[in-house]
Amino acid sequence: WYYIDKNIFILSSVPAIIRKYLKLKNSLELNKSGLEDYLLRRHFISPVDHPIKGIKQILPGERLNFSSFNWELTFDNFIKESDYFSTYIYKKLLSSDQYYYNNKFKEILERTLSIMENNTPCDKVSSSIISGGLDSSIVSFILNKFNEEIKLFTMTFKNKDMVAKNTPKLINKLTNKYKIQHSLIECTMEDYLTSLKESIDILSSPITTHSIPSSYLVAKEAKKSGSVVLYGGEGADEIFLGYECYTNSQFKDSDYNRIYNFFHKNHDLRKRVIDGLTQHYIIKKKKELEEFLSPIIKDNSPEKLIKIESFIDTFIQLSNVGLISTDTINSNLGIECRTPFTRKDLLTFGLSTPLSYLNNIKPPITSKIPIRNAFINYFGRELLMPKIGFAGFPNETKSELGKINKWIVWDYFGWAKDDFNEYNINEKWKLINIEWFLRICFES
C-alpha cells in the first residue's frame with residue numbers, strides 16, 4: 001500500500017498507517033465511487049478504487065519505481081494473467097484421460113505442499129485451517145503426512161456453518177495413522193464484532209467479505225500456538241472451478257465479478273457503477289484474455305467463456321478479496337498466510353486445464369473433480385459435504401450500532417433512513433459494513 005504527495009511518500013504493509021497520517025494532517029477524504037461499486041457487487045473487489053482517496057495498492061505482478069530525485073512514481077508489469085496459461089499443458093491434457101489428470105493433480109499438490117513446508121523456519125511450527133470442506137481438508141491432510149507437529153484449527157459459529165461439524169469425523173479418519181493436534185475455536189458474536197472492527201481498522205475499508213474477521217480470529221489462535229505460518233484452501237474454487245456459475249454454460253459473468261441488482265431502485269447508482277473504474281478494469285482484462293485464448297480455444301464456446309471468468313475471478317475476486325485482504329490483516333500479527341492452490345505450478349496447471357477434467361456441465365453435474373477425487377481418496381465418499389460458508393455474524397453486529405436513524409451512512413449517501421427494513425439481507429449487510437467503516441474513519 002502506498003501514498004504520495006509533494007511532501008511525503010509512504011509505503012506500508014497495512015493501509016491503516018496511511019489513513020492515520022491523512023487524518024493527522026486533516027486531509028482524509030473518502031472515495032465515494034469505491035464504496036458505490038461495493039454496493040452493487042457481491043464483495044468489495046475493486047483493484048483500482050480504495051475507499052480512502054490517495055491510498056493505492058501495488059497489484060500482483062506490478063512493479064513500482066520511486067525516484068526521490070524527480071519525486072515521481074512509475075509502474076511496469078513484470079508478469080500478466082495470461083502468463084499462467086500453458087498452451088503445452090492444455091494440449092497435452094486434451095490427449096490424456098481423467099485418471100491421468102487426477103493423479104497428476106495429486107502429485108503437483110503434494111509436491112507443492114512439501115516444498116512450502118520445507119521452507120518453514122525449523123524452530124517454528126505450522127498451522128492449517130481445516131473447515132470440514134474439501135479444499136482446506138485435503139491441504140491439512142497432506143501437511144499432516146509431512147509434519148506430525150502441524151496444528152490444525154477449526155472455527156465454528158453457533159447455529160451456523162454446519163460443515164464445521166464434519167471436521168471431527170475427518171480428524172477421526174486420521175488418528176489411527178497420524179498424531180493430530182487439533183483445536184476447535186468457538187466464535188461468539190462478541191469475538192466476531194471485535195475482530196470486525198479490528199479488521200476494518202487495519203484495512204481502512206469495509207471488510208472485503210464477511211469471512212475476513214473469522215480468518216483473523218483463526219490467525220490469532222495460530223500465533224498463540226507459536227506458529228508463524230497459516231495454511232488455507234483459498235483459490236481452489238476459482239482455479240479448479242468450484243463455484244456453481246462455472247457449471248452453467250449459458251452464463252455471461254461470474255457470480256463474483258458481475259454487477260448485481262442490489263439497491264435496484266437506485267438507477268443513477270447503477271449507471272455510475274457500470275461507467276466506473278472497476279467495471280472498465282474488468283472489461284479490459286476480459287478483452288486481453290479473449291485475444292490471448294482465441295487461437296487456442298474455440299470462440300464463443302462454453303469452455304472459453306468459463307475459462308475467462310476463472311481467470312478474472314482468480315486475479316480480481318480472489319486476489320483482492322481472499323488474498324490481499326487476508327495477507328494485510330494477518331501481517332498485523334506477523335503471520336504468513338500460505339495458499340498452496342495459488343503457487344505457480346498448481347496455479348498454472350489448474351488454469352491450463354481443459355474444462356472436461358474439472359466440471360461436468362451436463363447432468364449429473366459435478367464440479368471441482370480432481371479436488372473431489374482427492375478428498376474421497378483421503379477421507380472416503382461418505383464424508384463429502386458441500387462448503388456452506390465461513391460467515392460469522394455480520395448482520396447481527398447491527399445491534400451494536402445503536403438507533404438506525406442516527407447512522408452516518410444516511411447522510412453520506414443522501415438516502416432515506418426510513419427505508420432500512422425494506423432492504424434485503426445482502427443490502428442490509430452492505431450498509432452495516434459501510435457504517436462500521438465510516439465510524440472508524442471519523443472516530444474522534
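These numbers were taken from a predicted model, which means no experiment stands behind them.
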Task: Which atom of Ser140 lies closest to which atom of Ile130, heavy atoms considered - done: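 So the two residues come closest at OG-CB, 3.6 Å.
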- [ ] Specify the closest pair of heavy atoms between Phe44 and Gly34, including all atoms of both residues, with the distance to one decimal.
- [x]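 Minimum heavy-atom contact is CE1-O, 3.4 Å.
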Task: Residues Arg338, Glu336; criterion salt bridge (Lys or Arg N to Asp or Glu O under 4.0 Å); working and verdict - done: CA-CA 6 Å; Arg338 291 187 174 176; Glu336 176 195 340; 3.0 Å; yes
Assess the pair [X] and [Y]: is the distance between their ring centroids shorter than 6.0 Å?
X	Y	value
Phe240	Phe105	yes
Phe375	Phe141	no
Phe349	Tyr101	yes

- [ ] Using side-chain hydrogen bond (donor to acceptor under 3.5 Å, both in side chains) as the criterion, point out the one residue from Asn373, Asp135, Thr247 that pairs with Lys368.
- [x]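 So the option named by the test is Asp135.
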Just by distance, do the side chain of [X] and the backbone of [Y] share a donor-acceptor pair under 3.5 Å?
X	Y	value
Asn147	Leu143	no
Asn377	Ala374	no
Asn77	Lys80	no
Asn395	Ile425	yes
Arg270	Tyr260	yes
Ser137	Gly133	yes
Asn118	Ser114	yes

TODO: Apply side-chain hydrogen bond (donor to acceptor under 3.5 Å, both in side chains) to Tyr38 and Asn433, showing your working.
DONE: CA-CA 10 Å; Tyr38 165 60; Asn433 192 13; 2.9 Å; yes
- [ ] Look at the aromatic rings of Tyr246 and Tyr243 and report parallel, tilted or perpendicular, splitting at 30° and 60°.
- [x]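 The arrangement is tilted - the two ring planes meet at 30° to 60°.
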- [ ] Quick one: sort the Trp415 and Tyr423 rings into parallel, tilted or perpendicular, breaks at 30° and 60°.
- [x]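 Tilted, since the angle between the ring planes falls between 30° and 60°.
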May I ask you to check whether over 12 heavy atoms, not counting those of [X], lie within 6.0 Å of atom [atom1]?
X	atom1	answer
Ile8	CD1	yes
Glu62	CD	yes
Glu107	CD	yes
Lys428	NZ	yes
Lys220	NZ	yes

Task: Face-on cation placement of Arg63 at Phe78 ring, 6.0 Å and 45° thresholds - done: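 Cation-pi check for Arg63 and Phe78: fails.
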Open item on the list: Would Lys32 and Tyr412 count as a cation-pi pair here, with the cationic atom under 6.0 angstrom from the ring centre and within 45° of the axis?
Closed with: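 Checked: cation-pi criterion met.
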Task: Electrostatic pair Lys145-Glu110, nearest N-O below 4.0 angstrom - done: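 So Lys145 pairs with Glu110 through a salt bridge.
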Task: Ion pair check, Lys286 and Glu309, cut-off under 4.0 Å - done: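 Result for this pair is yes, salt bridge flagged.
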TODO: Return yes if a side-chain donor-acceptor contact under 3.5 Å exists between Trp1 and Ser204, otherwise no.
DONE: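 Trp1 vs Ser204: no donor-acceptor pair found between side chains.
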- [ ] Consider only side-chain N and O atoms of Tyr216 and Asn332, and report whether a donor and an acceptor are under 3.5 Å apart.
- [x]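 A pair is found: one side chain offers a donor N or O, the other an acceptor, under 3.5 Å apart.
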- [ ] Calculate, to the nearest 0.5 Å, the distance between atoms CD1 and NZ belonging to Ile282 and Lys284 respectively.
- [x]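 Answer rounded to 0.5 Å: 12.5 Å.
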Task: Verdict with reasoning, Asn320 to Gln57, per side-chain hydrogen bond (donor to acceptor under 3.5 Å, both in side chains) - done: CA-CA 10 Å; Asn320 288 281; Gln57 61 176 311; 3.3 Å; yes
